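These notes are about the structure you will find just below.
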Amino acid sequence: MATKTMPSAILAIVATVMILDNFLNIPVLGSLSSEIRIWGVIIAAFALGLASINLARFHVVRVARQTTDWPYSVACLIAMAAFGLGGIAAGPGNDYYRFYFANFFSPMAVATMGMTIFFIATAAFRAVTIRSLEAGVLLAAALVVMLGNIPLGDAISPHIPDAAEWIRRIPNMAGQRGILITSAIGSIAFGLRVLIGLERTQFGAGAG
Amino acid sequence: MIYPDKYLSLFTLLAFCAIIYYQIRSQQQGAPLPWMRPISGLSAIDEAVGRATEMGRPIHFSPGVGGIVDEEAGQVLAGLQYLGYLAEQAGKYDIPLIATMRNPIVYTMAEDIAKEGFARAGAPEKYTPETVRFLSDAQMAYAAGVLGIFKREKPAANVMIGAWYAETMMLAEAATNAGAISIGGTARLFQIPYLVVTCDYVLIGEEIFAGGAYLAKDRVQLGSLRGQDICKAICAVVLAAGIVLVTVGATGLRDFIAQYGR
């Protein structure tokens, strides 16, 4: 029981300090919330260590059992060792570490990001396949907005860029504001339940 | 003591909290159950579980790439509710569950939640270290890791509810290509359209916070949901009044909110 109650109590205290600091001009609350943020960074560092152990254990087991595609796990372990041990030994500002970061990590991250375009192409194709009235409206709005952003749209009709702007500013914005307001209310309700200890799923308890 | 430009925000926060708390208490004391509009995305969670059971393939879950020390914390925590439910169902029906994490703090919480979920189903032994996986703290490395899991392990269902960023489209589309049914959800405005075009079911905005009420039929959550609806009605009335007043040239309400509602 205490394993659930204690974290709830700590969470409630910390959250209350952070919320009050947002509204009240009390210096002690400001210092407390800054301190809590620093603790957050320290806890995150410990959590990262724990998570890295999990990752390493997972891949060591895969290599040991030689499961499907286990050589990828070897590559992962080598990369972890090179980055992790290299970074710890030499520091993140070291030339060795920066070389690997700039020549391995960054290009691969950018390449992964670049793959998004292919997924957009296939997703867009499925999205504009008219299967319902809503899909038809989506297609019409998408066509107008796309045409409104290229010179061809203006060449077809000078009203197209205006229509595209109207779609962005009026129906799109109205929908976004609606989602924003209701999401904020949802967050308030969720936060309140956490604060008063009625929401404990984040500590592993079942709902309620 | 109170920041002058935050009087209205503080008042609104306290008023909404009071309304929601009152409704929760009413439900706990046995008030009639409120009507709930059906949300197809939430009904689809059980469909996803059924599909995975029939196909004998895993369910993939992720609460997104957001953390719990920033403004998306609520979304991530709301996403973790679904992990608890999925773990319970996975334990009950003997389905492999793969939960991938990007944030190390969320990972430690997710491990605990998944373990408890399997334990609630009476099958704690079915939780393995492979159930909750930390992939990487870097966004694109995490995305690449999930793509690999989709390719190798071919999940029957992909539940991605939480705080999502640029990787949304990639992951949801890759899940579809792997033959999985996808249920997405986020309150991040710029990612909702990507989920809409790529997922089979989408929880939009506040719907992600309603999971407990729908899945567990819990009275606390139902009361909370009713309180939220009352707050939304109040917002709608203020918005309508604002529209009418500004249209007729009376800007008093708008100026008052702008001055004290930061």
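These figures come from a predicted structure and were not determined experimentally.
- Within the 4.5 angstrom heavy-atom criterion, only side-chain atoms of B:Arg152, from C-beta onward, approach chain A.
- Not a single donor-acceptor pair under 3.5 Å links the side chain of B:Lys232 to the backbone N or O of A:Thr182.
- Shown here is B:Glu153, whose CD atom has more than 12 heavy atoms of other residues, nucleotides or ligands within 6.0 Å.
- Atom OG of A:Ser183 sits about 10.0 Å away from atom CD1 of B:Ile204, to the nearest 0.5 Å.
- Of the two parts of B:Ser136, neither the backbone nor the side chain holds a non-hydrogen atom closer than 4.5 Å to a non-hydrogen atom of chain A.
- B:Glu167 contributes atom CD, which lies 13.0 Å from atom CE of A:Met115 (distance to the nearest 0.5 angstrom).
- The contact between A:Leu48 and chain B is made by backbone and side chain atoms together, counting heavy-atom distances below 4.5 Å.
- The shortest side-chain heavy-atom distance between B:Ile2 and A:Asn25 does not fall under the 4.5 Å cut-off.
- Here the closest heavy-atom approach between residue B:Gln81 and residue A:Phe190 is recorded as NE2-CE1, 3.8 Å.
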* Criterion side chain to side chain contact (heavy atoms under 4.5 Å, CB included) on A:Leu138 and B:Val197, from CA distance to verdict -> CA-CA 10 Å; A:Leu138 178 71; B:Val197 296; 4.2 Å; yes

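- Atom CD1 of A:Ile170 has more than 12 neighbouring heavy atoms from other residues, nucleotides or ligands inside a 6.0 Å radius.
- With a threshold of 4.5 angstrom between heavy atoms, B:Ile24 approaches chain A through side-chain atoms but not through N, CA, C or O.
- Interface remark: A:Arg37 contributes no atoms to any contact with chain B (heavy atom separation under 4.5 Å).
- Heavy-atom distances place both the backbone and the side chain of B:Ile105 under 4.5 Å from chain A.
- Using a 4.5 Å cut-off between heavy atoms, B:Tyr3 contacts chain A through both its backbone and its side chain.
- Interface residue B:Leu10: backbone and side-chain heavy atoms are both found under 4.5 Å from chain A.
- There is no contact between B:Ile68 and chain A, counting heavy-atom distances below 4.5 Å.
- A:Ser187 OG to B:Gln75 CD: the interatomic distance, rounded to the nearest 0.5 Å, is 6.5 Å.
- Contacts of B:Gln28 with chain A are made by side-chain atoms alone, with heavy-atom separations under 4.5 Å and no backbone atom involved.
- Among the candidates A:Thr68, A:Val61, A:Ile196, A:Asp69, the residue making the largest number of heavy-atom pairs closer than 4.5 Å to chain B is A:Asp69.
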* Asked: Passes side chain to side chain contact (heavy atoms under 4.5 Å, CB included), A:Ile188 versus B:Leu13? Steps please.
  -> CA-CA 8 Å; A:Ile188 290 172; B:Leu13 179 67; 3.9 Å; yes

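- Smallest separation of non-hydrogen atoms from A:Phe105 and B:Ala138: CZ-CB, 3.3 Å.
- B:Leu135 approaches A:Leu55 most closely through the heavy-atom pair O-CD2, 3.6 Å.
- Residue contact with chain A, scored on non-hydrogen atoms closer than 4.5 Å, involves the side chain of B:Leu239 exclusively.
- Contact count against chain A (heavy-atom pairs under 4.5 Å) is highest for B:Ile20 among B:Ile20, B:Ile19, B:Leu225, B:Val132.
- Considering all non-hydrogen atoms of both residues, B:Phe134 and A:Ser52 come closest at CD2-N, 4.3 Å.
- The neighbour count for A:Tyr96 OH, taken as heavy atoms of other residues, nucleotides or ligands under 6.0 Å away, is above 12.
- In this structure, the portions of B:Tyr21 lying under 4.5 Å from any heavy atom of chain A include both its backbone and its side chain.
- Nearest heavy atom pair, residue A:Ala109 against residue B:Met140, reads O-CG, 3.5 Å.
- By number of non-hydrogen pairs under 4.5 angstrom with chain B, the leading residue of A:Thr122, A:Ile19, A:Ile181 is A:Thr122.
- With a threshold of 4.5 angstrom between heavy atoms, A:Arg177 does not approach chain B through any atom at all.
- Contacts between B:Cys17 and chain A at a heavy-atom distance below 4.5 Å involve backbone atoms as well as side-chain atoms.
- Within 6.0 Å of CZ in A:Arg98 there are 12 or fewer heavy atoms belonging to other residues, nucleotides or ligands.
- Expressed to the nearest 0.5 Å, how far CD of B:Glu130 lies from CZ of A:Phe58 amounts to 5.5 Å.
- Atom OH of residue B:Tyr142 and atom OG1 of residue A:Thr112 lie 13.5 Å apart, to the nearest 0.5 angstrom.
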* To do: For the pair A:Ile185 and B:Glu206, evaluate side chain to side chain contact (heavy atoms under 4.5 Å, CB included) and give the outcome as yes or no after the intermediate values.
  => CA-CA 8 Å; A:Ile185 294 171; B:Glu206 52 138 9; 6.0 Å; no

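- Using a 4.5 Å cut-off between heavy atoms, B:Glu111 touches chain A through its side chain atoms alone.
- Annotation: the span from A:Met113 atom CE to B:Met170 atom CE amounts to 6.5 Å, rounded to 0.5 Å.
- With a threshold of 4.5 angstrom between heavy atoms, B:Thr198 approaches chain A through its backbone and through its side chain.
- Minimum interatomic distance between A:Phe119 and B:Met169 (heavy atoms only, all atoms of both residues): O-SD, 4.0 Å.
- Proximity to chain A is absent for every atom of B:Asn103, based on heavy atoms less than 4.5 angstrom apart.
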